[in-house]
Amino acid sequence: MQIYNTLSRKLETFESISPKHVGIYVCGPTVYGPPHLGHVRGPIVFDVLRKYLILQGYKVRFVRNITDVGHLVGDADEGEDKLAKQAKVEQLEPMEVAQAYTDAYNSVMDRMNVMKPSIEPRATGHIIEQIEMIQTIIEKGLAYEANGSVYFDVMAYNSHQHYGVLSGRVLEDLQAGAGNQSRSLEGQDEKRNPNDFALWKRASAEHIMQWSSPWGKGFPGWHIECSAMSARYLGEQFDIHGGGMDLLFPHHECEIAQSTAAHNHSPAKYWIHHNMITINGQKMAKSLGNGIMVEQLFSGDNPLLAQAYSPMTLRFFVLQAHYRGTLDFSNDALLAAQKGWSRMQTAFKLVDSLQTVKADASCNVEDIDLGIQESLNDDLNTPQVIAHLFELARRINVVNDGKDSITEATKLTIKSIIHDYCEGVLGMKAEDGADNSGLEDAMSILLELRGKAKTDKNWALSDQIRDALKDKGFEIKDGKEGTTWNKI
RNA sequence: GGUCGGAUGGCCGAGCGGCUAGGCACGGGUCUGCAAAACCCUUUACAGCGGUUCGAAUCCGCUUCCGACCUCCA
């Protein structure tokens with residue numbers, strides 16, 4: 001498989017560090033608010049990657065953290081701890097806030113059919129590991145304490161290593177630009193160099209979340225948690241580190257610096273970054289007020305939405321774009337995804353009832369099977385995979401209409417393509433009202449009555465039944481072999 | 001100001017030197033009491049200007065727009 005490595009800015013052939021085992025670390029959410037659309041892309045993309053690796057026979061350990069240590073809020077909020085701030089507003093304990101939003105996040109992940117991480121470590125549960133790692137870095141002379149805080153010494157590090165390998169940033173540029181847009185950060189004057197970043201921050205008295213450390217009461221810096229937890233669960237060197245492009249700098253750059261400082265080598269072999277979801281061409285951000293909560297999408301309760309969309313529609317929508325490009329969100333785009341996914345599902349449900357022939361079948365499906373594998377191997381090109389699946393749906397329909405024929409073997413291949421790639425790798429599972437118990441009987445009575453009305457050419461009545469059922473969410477279809485129904 | 005990405009048909013989105021995805025919407029048809037569903041057909045788009053090439057949406061240069069990031073804010 002070819003995969004784009006941000007570290008080299010090139011497509012590389014994926015080779016796991018140890019045979020048949022893959023370690024993946026993905027930066028998880030900071031749980032200080034309900035999940036929004038932007039939170040959804042990364043988990044889906046890396047879920048697909050994980051599932052594809054599993055399909056290829058790899059044993060995957062997938063670690064996704066929960067950041068429940070609040071970090072400093074930006075300029076407007078006077079450096080108050082994010083979680084602590086929200087806690088005051090809501091009159092809750094910080095950990096209660098973190099727990100509630102962690103649950104909300106995981107619930108969304110479940111509904112979107114994102115596999116649970118193998119390990120889901122919390123930052124607050126790994127304070128000791130973080131402190132130990134900071135100590136190691138200090139011992140190596142690459143960090144220093146100042147007034148109860150510890151900073152990473154970027155200049156010292158850069159004299160032996162390259163600070164900027166990942167993001168392509170040059171230290172001089174950073175300094176040059178620093179005066180321009182940079183905010184006035186607390187404790188800036190304690191640093192030896194403005195580029196130094198915090199490993200540990202001294203906590204002020206009103207800071208709710210704080211821990212004892214060799215440097216006094218405080219809390220860990222933003223970047224150190226991922227370094228400490230990935231090393232703890234995946235080792236000092238692991239295969240894949242994933243995250244959003246917005247984390248590339250400074251977060252991932254700092255992770256590399258910290259890990260390299262502590263362990264003498266770069267932590268991850270492949271760095272994979274997905275692009276952002278935009279609304280009207282702009283990144284979704286709280287500060288821009290254009291965020292759509294995932295719950296709102298599922299309920300339709302947002303001015304930008306004409307209706308509610310299902311979790312699988314969202315997933316399909318995300319997968320219809322390549323992970324490295326931005327994806328522009330709109331109601332129309334979601335609607336298109338919903339209709340497309342629905343059509344594909346309808347066709348795939350037909351497979352079991354397809355008639356087969358012994359020989360001389362006019363329809364074959366090998367090319368699709370191969371095409372999908374090629375697309376997946378080509379930097380996880382899910383839009384192409386979906387295009388192939390639509391072609392498969394088309395062929396199924398043609399066979400179903402009796403205009404083409406397939407052998408039993410082809411039918412099995414079709415089933416395995418759907419099973420392995422659509423349900424498996426893409427993680428698209430059928431969505432219909434599973435709870436139809438008793439409904440069948442009631443419905444057959446209605447349809448019988450309607451059938452009678454039709455025989456009597458009482459169109460008014462038959463249409464009335466059909467329309468009324470449609471209002472309630474049941475669609476009636478008159479086919480050649482009788483009438484069928486399904487939940488919309 | 002610095003760094004890095006983009007600009008593709010009505011919309012969303014692949015493609016990244018020749019074979020010109022896919023979905024949705026639109027139009028025509030088959031089927032149908034009418035619908036729905038399904039199938040078939042139709043529609044040659046790549047910001048602008050130069051250049052390289054037998055050949056460019058794809059490579060190079062310039063221009064114009066747009067976006068992301070720039071240190072404690074996924």
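Everything quoted here is computed from the prediction, not taken from an experiment. Within every chain, numbering begins at 1; the chains are lettered A, B, ... in the order of the sequence lines, protein sequences first and strands thereafter.
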Quantified in whole Å, what is the [atom1] atom distance between nucleotide [N] and nucleotide [M]?
N: B/C59; M: B/G29; atom1: C1'; answer: 44 Å
N: B/A56; M: B/U8; atom1: C1'; answer: 14 Å
N: B/C49; M: B/A7; atom1: C1'; answer: 16 Å
N: B/A47; M: B/G6; atom1: P; answer: 13 Å
N: B/C24; M: B/U58; atom1: C1'; answer: 26 Å
N: B/U30; M: B/A21; atom1: P; answer: 28 Å
N: B/U53; M: B/C11; atom1: C1'; answer: 35 Å
N: B/C46; M: B/C19; atom1: P; answer: 15 Å

Fill in: Closest approach of A/Gln307 to A/Leu335 (non-hydrogen atoms, all atoms of both residues)
NE2-CD1, 3.3 Å
Which nucleotide wins on minimum distance to the side chain of [X], given the candidates [options]?
X: A/Met276; options: B/C12, B/A74, B/A38; result: B/A74
X: A/Ala336; options: B/C39, B/G23, B/C11; result: B/G23
X: A/Gln384; options: B/G23, B/A14, B/C39; result: B/A14
X: A/Trp222; options: B/A74, B/C24, B/A14; result: B/A74
X: A/Lys339; options: B/C39, B/A25, B/A74; result: B/A25
X: A/Leu247; options: B/G33, B/C39, B/A74; result: B/A74
X: A/Thr30; options: B/C24, B/C4, B/A74; result: B/A74

Write down the distance between [atom1] ([X]) and [atom2] ([N]), rounded to a whole number of angstrom.
X: A/Arg324; N: B/G15; atom1: CZ; atom2: P; result: 9 Å
X: A/His388; N: B/G15; atom1: NE2; atom2: P; result: 12 Å
X: A/Gln2; N: B/G15; atom1: CD; atom2: P; result: 14 Å
X: A/Asn400; N: B/A38; atom1: CG; atom2: C1'; result: 8 Å
X: A/Glu120; N: B/A74; atom1: CD; atom2: C1'; result: 15 Å
X: A/Asn65; N: B/A74; atom1: CG; atom2: C1'; result: 9 Å
X: A/Ile386; N: B/C12; atom1: CD1; atom2: C1'; result: 12 Å
X: A/Gln338; N: B/A25; atom1: CD; atom2: C1'; result: 14 Å

Base [N] to side chain [X], donor-acceptor N/O within 3.5 Å cut-off:
X: A/Asn381; N: B/A14; answer: no
X: A/Asp463; N: B/G33; answer: yes
X: A/Arg466; N: B/C34; answer: yes

Classify [X] by what it touches in the nucleic acid, base, sugar-phosphate, or nothing, heavy-atom distance under 4.0 Å.
X: A/Leu334; result: nothing
X: A/Gly28; result: sugar-phosphate
X: A/Asp246; result: base
X: A/Ala198; result: base
X: A/Pro29; result: nothing
X: A/Met344; result: nothing
X: A/Thr278; result: nothing
X: A/Phe197; result: base

Discussion item. Both A/Phe390 and A/Ala321 contact RNA chain B. Which one's nearest nucleotide lies toward the 5' end?
Written reply: A/Ala321
Worksheet item: So which one's nearest nucleotide on RNA chain B is more toward 5', A/Met245 or A/Ala387?
Response: A/Ala387
Item to complete: Would you please enumerate the stems RNA chain B participates in, each stem being three or more consecutive Watson-Crick or G-U wobble pairs with both distances under 3.5 Å?
Response: B:1-7 with B:64-70, B:10-12 with B:22-24, B:27-30 with B:38-41, B:47-51 with B:59-63
Worksheet item: Charged N to carboxylate O under 4.0 angstrom, A/Arg395 versus A/Asp404?
Response: no
Discussion item. Looking at A/Asp352 and A/Lys411, is there a salt bridge between them, counting it only when a charged N and a carboxylate O are closer than 4.0 Å?
Written reply: no
Look at the side-chain N and O atoms of [X] and state whether any lies under 4.0 Å from the OP1 or OP2 oxygen of [N].
X: A/Arg394; N: B/G22; answer: no
X: A/Tyr32; N: B/A74; answer: yes
X: A/Lys454; N: B/G33; answer: no

Measure the shortest side-chain to side-chain distance between [X] and [Y] over non-hydrogen atoms and say whether it is less than 4.5 angstrom.
X: A/Val351; Y: A/Asn400; result: no
X: A/His241; Y: A/Ile272; result: no
X: A/Ile134; Y: A/Ile224; result: yes
X: A/Leu426; Y: A/Tyr421; result: no

Worksheet entry | Parallel, tilted or perpendicular: ring planes of A/His36 versus A/His39, cut at 30 and 60 degrees | tilted
Discussion item. For A/Tyr323, does the six-membered ring have the charged nitrogen or CZ of A/Arg41 within the cation-pi criterion, i.e. under 6.0 angstrom from the centroid and within 45° of the normal?
Written reply: no
Discussion item. A cation-pi test, strictly: NZ or CZ of A/Arg192 under 6.0 Å from the centre of the six-membered ring of A/Tyr144 and no more than 45 degrees from its axis. Yes or no?
Written reply: yes
Worksheet item: So which of A/Thr278, A/Ile279, A/Val318 actually passes side chain to side chain contact (heavy atoms under 4.5 Å, CB included) with A/Phe329?
Response: A/Ile279
Worksheet item: Can you check whether A/Trp459 stacks with the B/G33 base, using ring centres under 5.5 Å and planes within 30°?
Response: yes
